[in-house]
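Every heavy atom of this structure was used, including side-chain atoms; hydrogens, water molecules and symmetry mates were not.
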Amino acid sequence: MTDIFSYETLQTIWFVLWGLLWAVYFILDGFDLGTGTLLPFLAKNDTERRIMVNAAGPFWDGNEVWLITAGGVTFAAFPKAYAVMFSALYAPLLLLLFALIFRAVSFEFRNKINHPQWRGLWDIFQFLGNFVPALLLGVAFANLFQGIPIDTEGFYHGSLFALLNVYGLLGGLLFVSFFTLHGSLWLSIKTSGAMHDRAVAASKVAWVFTVALAVAFLFATGHYTDLYANYAHLPVLWIFPILAVVLLLLLRFFLSGATPIRAFLIHAGFILCTTFFGVLGMFPRLIPSSLDPAASITTAMAASTPLTLTLMLIVAGICVPIVICYQFWVYTMFSHKLTEEDLASDHSY
């Protein structure tokens, strides 16, 4: 395979796969994050809260595999970028890790004691364990698009609060809004009756916020970043932001609740195109530097050896289809709408 692909081509392939893995994670774990964020606002009683928790229950841990995969690919394909990224963004990534841990624990501990205060405590952790990662992921990626203050040695010259800049916070709010929209669409698939109606109503509200924040983010991107330089150099890349806009506008016509699966898939396409809008705007940089463009970490600087990239491509070609088949089976097994009868099962949360 090394004879088929040059070293530069392998670097490009893994850069695209790196972006694709993040997009898949946002699509799959995005509805979990959105469902948990909506928990205090949509559920009116403990039964409805359990239905919301169980809507994500069979899927959340499998969906997080894609986060581990994206991090693993960063480490294996671009080890220098991994080192700099996890050093510069250490504080927010550690907060993200703790939030995800508490989210996982909240699923398992909520029903260990049949007491309102106990369940209420873990409902708080369920909310924070979904809202905080959604916000932090947006802040982290917006700062990557903007560039973080690293020097030529890869040392970070900033702080956690420096990441909470205008563009970073705008990215965080955008992620929260489209994860919330994704979660409400998922709930409209998994629920019926009053809960379904509230999920549909929430999706319409979340859509308005997503449109407003997406427009603001597009304009802010032109002011705070140089992502559009790649689009000026290679106009074919405009297909991603244009398609994202088309999908987001098209989505509004499918928010009636009559075709929730179609609406969910359209929004998944929007997330995919939005992710590639940012990732391809950075290429060939993995970590742009706001201090000195020459200090940016590029694919050429960060890539592993040709043999490593080739072996990884072979392993990915074998293992990823297996993971996809497994997840397809899981989604098929739990494709039914949730009812109160499902909550009586020993396997429910």
Q | Set of side-chain contact (heavy atoms from CB on, under 4.5 Å) partners for A300, sequence neighbours left out | A | Q11, T298
Q. Taking only residues two or more places apart in sequence or in another chain, which ones pass side-chain contact (heavy atoms from CB on, under 4.5 Å) with D61?
A. none
Under 6.0 Å between ring centres: does that hold for [X] and [Y]?
X: F178; Y: F175; answer: yes
X: F78; Y: W18; answer: no
X: W14; Y: F5; answer: no
X: W186; Y: F59; answer: yes

(Q) Under the ring pair (Phe, Tyr, Trp, His ring centres under 6.0 Å) definition, can you give me all pairs with a residue in residues 196-217, not counting sequence neighbours? (A) Y167-F217
Q) Do NZ/NE/NH1/NH2 and the carboxylate oxygens of E64 and R103 come within less than 4.0 Å? A) yes
Q: Each residue besides L291 in its hydrophobic cluster should be listed here, by chain and number; the cluster joins Ile, Leu, Val, Met, Phe, Trp and Tyr at side-chain heavy-atom distances under 4.5 Å.
A: none
Q.
Test question: given the 4.5 Å side-chain rule for I, L, V, M, F, W and Y, name all other residues clustered with V65, or answer none.
A.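 None; V65 is a cluster of one.
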Q) Does a side-chain heavy-atom distance below 4.5 Å link D123 with R49? A) yes
Q: Check whether any side-chain heavy atom of I287 lies under 4.5 Å from a side-chain heavy atom of S296, and answer yes or no.
A: no
Q | The single option from L21, I271, L33 passing side-chain contact (heavy atoms from CB on, under 4.5 Å) against F26 | A |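 Exactly one pass, corresponding to I271.
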Q. Quick one: ring-ring contact (aromatic ring centres under 6.0 Å, His included) partners of Y156, sequence neighbours excluded?
A.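 For Y156, no residue satisfies ring-ring contact (aromatic ring centres under 6.0 Å, His included) once neighbours in sequence are set aside.
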Q) Should the ring pair F125 and F102 be called parallel, tilted or perpendicular, given that the plane angle runs from 0 to 90° and is split at 30 and 60? A) parallel
